[in-house]
*Asks:* 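Sharing a structure with you now.
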Amino acid sequence: MTKRSPATRPLQYLALAAYMAFLGFPLVFLLTTAFKTDREIRSPDPAFLPQSLNLDNFTAAIERADLFRAAGNSLLTAATTTAIVTAVALPAAYALVRFRTRLRAAATGWILLSQVFPFILIIIPLFLLLKNIGLVNTLLGLVLVYAVWALPFALWMLQGYVAAIPVELEEASAVDGAGRFKTLRKIVLPLLAPGLVATSLFTFINSWNEFFFALVLIQDPDMQTLPLALARFVGAEGQVQLGPLAAAALLACLPSLVFFMLIQKRLTAGLLSGAVKG
Amino acid sequence: MTALAAPAPPRARRRSAEGRDAWLLVLPALLPVMLFSVYPLVYGVALGFTDAQAGLNAETHFNGLDNYAALAGNELFWNSFKIGLVWAFSVTALQFLASLGLALLLNLDLRLRWLARTLALIPWAMPPVIIAIMWQLMLNPNYGPVNRTLETLGLPSSVNWLGESAIALPVVIVVGVWAGMPQTTITLLAGLQSVPAELNEAAAIDGASTWRRFWHVTLPALRPIVTAITTLDLIWNFNSFALVFVLTAGGPGGTTMLPSLFAYNEAFRYGNFGYAAAMGNVMVVLIGAFLFLYLRAQMRRRHQ
C-alpha cells in the first residue's frame with residue numbers, strides 16, 4: 001500500500017518470529033515432554049523431540065485413580081452447570097432484549113461490578129452459606145456456585161445474539177397466525193442456535209477450568225475437580241513424575257483447546273461484535 | 001385529543017401483561033443470582049466489620065473498625081499489597097505493550113499470520129492451573145529447557161527461577177504476561193481493524209511517516225479500546241489467584257504473596273474470616289480509587 005524502507009519487512013518477520021517463539025515454545029515443550037520417557041527427560045544431553053511416540057505417560061496419567069475420578073467430577077460439574085445456565089439464561093436473555101426492562105442495564109452493571117470485587121469477599125459468605133445448607137464438599141454446591149457466577153456473563157452473551165434477530169421475523173410469524181410459543185420454537189430458536197452453542201460451550205469451559213471456588217468448597221479428595229487434582233499432583237509428586245504430569249496437563253486442556261479451535265473465527269469477530277450489540 | 005387517548009387503555013394493559021411475562025422469564029435467573037452472588041457480596045462486605053472466625057461454635061460480633069486498625073499495623077499485609085500492585089501494574093503494562101506490538105504485526109499482511117494468531121489464542125484456552133504446571137516444567141532448575149538453553153550458551157545455568165526471592169516476582173510476572181496476552185491482543189486487533197483505512201492513507205499522502213501515522217492517527221482512534229482493556233486487565237490481574245497459587249504459593253519467603261493469596265491464607269488457613277473480609281474491603285476500596293482516577297484521566301484526555 002504505502003512505501004516503506006526495504007529493511008522494514010525482514011524486521012517485521014523477525015518480530016513475529018520472536019512472538020511465536022515466546023508464545024509457542026512452552027506449548028511445544030509441554031507436548032514433547034508428554035511423549036518422552038523419564039530417562040529422556042532427565043538425560044544430561046536432552047533431544048528436543050521425543051525418540052518415539054510412546055503413550056506411557058498418558059496411560060500413567062489416566063491410570064491414576066484420583067485424576068480419572070477428578071476428570072469425571074469435572075465433567076459432571078461442568079455439564080450440569082452448562083445445562084442449568086442455558087435453561088435459565090435463554091428465556092431471561094430473550095425477555096431482557098424484547099421487553100426492554102430496566103433489568104438489562106442492571107445485568108450489565110452487575111457483571112462489571114462483580115469483576116471488581118476480590119473473590120475473597122464472595123467466597124467467605126458463600127462458604128458459610130453452603131455450609132449451613134450442607135452443600136460444602138458436594139458437587140451440587142459447586143454446580144450452584146458456578147451456575148450463579150456464569151449466569152450474568154451467559155445472559156450478556158446471549159443478549160447480543162437475541163438482539164441480532166430482527167423483530168420483523170417474529171412479527172411476520174405472528175401475523176401468519178403462529179402463537180408466541182410456536183414463533184419462539186420455529187423462528188427464534190433455530191436462528192439462536194449458533195449463539196446458544198457458543199454460550200453453552202463458554203460456560204462449560206469456564207467451569208471445567210475453574211480453580212478458586214473449588215479449592216475452597218471441596219476438601220474431600222473424592223470430590224475434587226481436575227484442576228484441584230492437578231494442582232495437588234504438582235505439590236505431591238509432580239517434581240518426580242514430570243512426564244505423566246505433562247501428559248495429564250495436556251489431556252486436561254483438550255476440551256477447551258478443541259472448543260477454541262472450533263470458535264476461533266467467531267472469537268475474533270463475532271464475540272466482540274456480539275458484545276458491542278449487547 | 002380524545003381520538004388519540006382512545007387506544008391507550010388496551011395498550012397499557014398489553015404492556016403490563018408483557019412486563020409480567022418478562023419478569024416471569026427473568027425471575028429464574030434473577031433469584032439465584034440475588035441469593036448466591038448479590039447477597040454473599042453484601043454479606044462479605046459486612047463480615048469485614050466483624051470478628052467472624054471459622055469453626056462451629058465461634059460467635060460473631062460486630063467490631064466496627066477494629067479490623068482496619070489492626071490491618072493498618074499489619075506490615076505483612078501492606079507488603080503483600082505492594083507486591084500485588086507491582087504485579088498488577090507490571091503485568092498490565094507489559095501485557096499491553098507486547099499485545100499492541102503483536103496486534104500491529106497481525107494486522108499487517110504477513111505470511112504465517114494465521115499461525116501466530118492461533119498461538120496467541122491458545123493460552124486463553126488453557127486453565128491457569130495448567131499454565132502454571134507448564135511453566136514449572138519450563139523453569140525446572142535441573143531439567144527445564146530454560147536452564148538447559150543457558151547451559152548450551154555457557155551462561156549460569158543452575159538458576160532456581162521460582163525459588164529465589166530476588167527473581168521470583170519478575171519471573172512470575174513474565175508468566176502472567178504470557179497467560180494474559182490473548183484477550184489483550186485480540187481486543188486490540190479488533191480495534192485496529194476498526195480504524196478506518198482512509199485515515200491512514202490520507203496521512204500517508206500528506207507525507208506522514210509510519211511512526212507519525214501510528215502516533216497521531218492509529219493510537220488516538222484506538223484510545224477507547226485501550227482504556228477499556230487496560231482497565232479490565234488491571235482488575236483481573238489484581239484479583240488473579242490460581243496462576244501464582246500453583247506456581248509459587250506466594251513463596252519464596254512471601255516475595256510473590258499477592259493480596260488475594262494473603263487473604264485466602266488468612267481466611268482458610270488461619271480461620272480469621274472477619275479479618276480476611278476486611279482485607280478484601282481494603283483491596284476493593286483502593287483498587288476502586290485507582291480505577292476512578294485512571295478512568296477520569298482517560299475521559300479528560302478524550303474531551304480535550
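Only this structure's heavy atoms are used, side chains among them; waters, hydrogens and symmetry mates stay out. Letters A, B, ... are given to chains in the order of the sequence lines, protein chains preceding strands, and every chain is numbered from 1.
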*Asks:* So, taking the atom named CD1 in A:I123 and the one named OH in B:Y264, what distance separates them when rounded to the nearest 0.5 Å?
*Replies:*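 The distance works out to 9.5 Å.
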*Asks:* Look at the side chain of B:Q136 and the backbone N and O of B:V246, then say whether any donor-acceptor pair between them is shorter than 3.5 Å.
*Replies:*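 A pair under 3.5 Å: yes.
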*Asks:* Determine whether the side chains of A:S207 and A:E210 contain a donor N or O and an acceptor N or O closer than 3.5 Å.
*Replies:*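 On atom types as modelled, these side chains do not qualify, holding no pair under 3.5 Å.
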*Asks:* What part of B:Y39 gets closer than 4.5 Å to chain A, counting heavy atoms only: side chain, backbone, both or neither?
*Replies:* side chain
*Asks:* Measure A:L128 against the heavy atoms of chain B and call it side chain, backbone, both or neither at under 4.5 Å.
*Replies:*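 Contact with chain B involves the side chain of A:L128 alone.
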*Asks:* With a 4.5 angstrom heavy-atom cut-off, which part of A:F127 approaches chain B: side chain, backbone, both or neither?
*Replies:* side chain
*Asks:* With a 4.5 angstrom heavy-atom cut-off, could you sort out which part of B:V42 is near chain A: side chain, backbone, both or neither?
*Replies:*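 When you check distances to chain A, no heavy atom of B:V42 falls under 4.5 Å.
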*Asks:* Sort A:I84 into side chain, backbone, both or neither according to what part of it lies under 4.5 angstrom from a heavy atom of chain B.
*Replies:* neither
*Asks:* Using non-hydrogen atoms only, which part of B:F241 is less than 4.5 Å away from chain A: side chain, backbone, both, or neither?
*Replies:* side chain
*Asks:* Between B:I287 and chain A, with a heavy-atom cut-off of 4.5 Å, which part of the residue counts as in contact: side chain, backbone, both or neither?
*Replies:* side chain
*Asks:* Which bit of A:A89 comes within less than 4.5 Å of chain B, counting heavy atoms only: side chain, backbone, both or neither?
*Replies:*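 Nothing of A:A89, per the 4.5 Å heavy-atom cut-off to chain B.
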*Asks:* What part of A:L257 is in contact with chain B, defined as an atom under 4.5 angstrom from a non-hydrogen atom: side chain, backbone, both or neither?
*Replies:* both
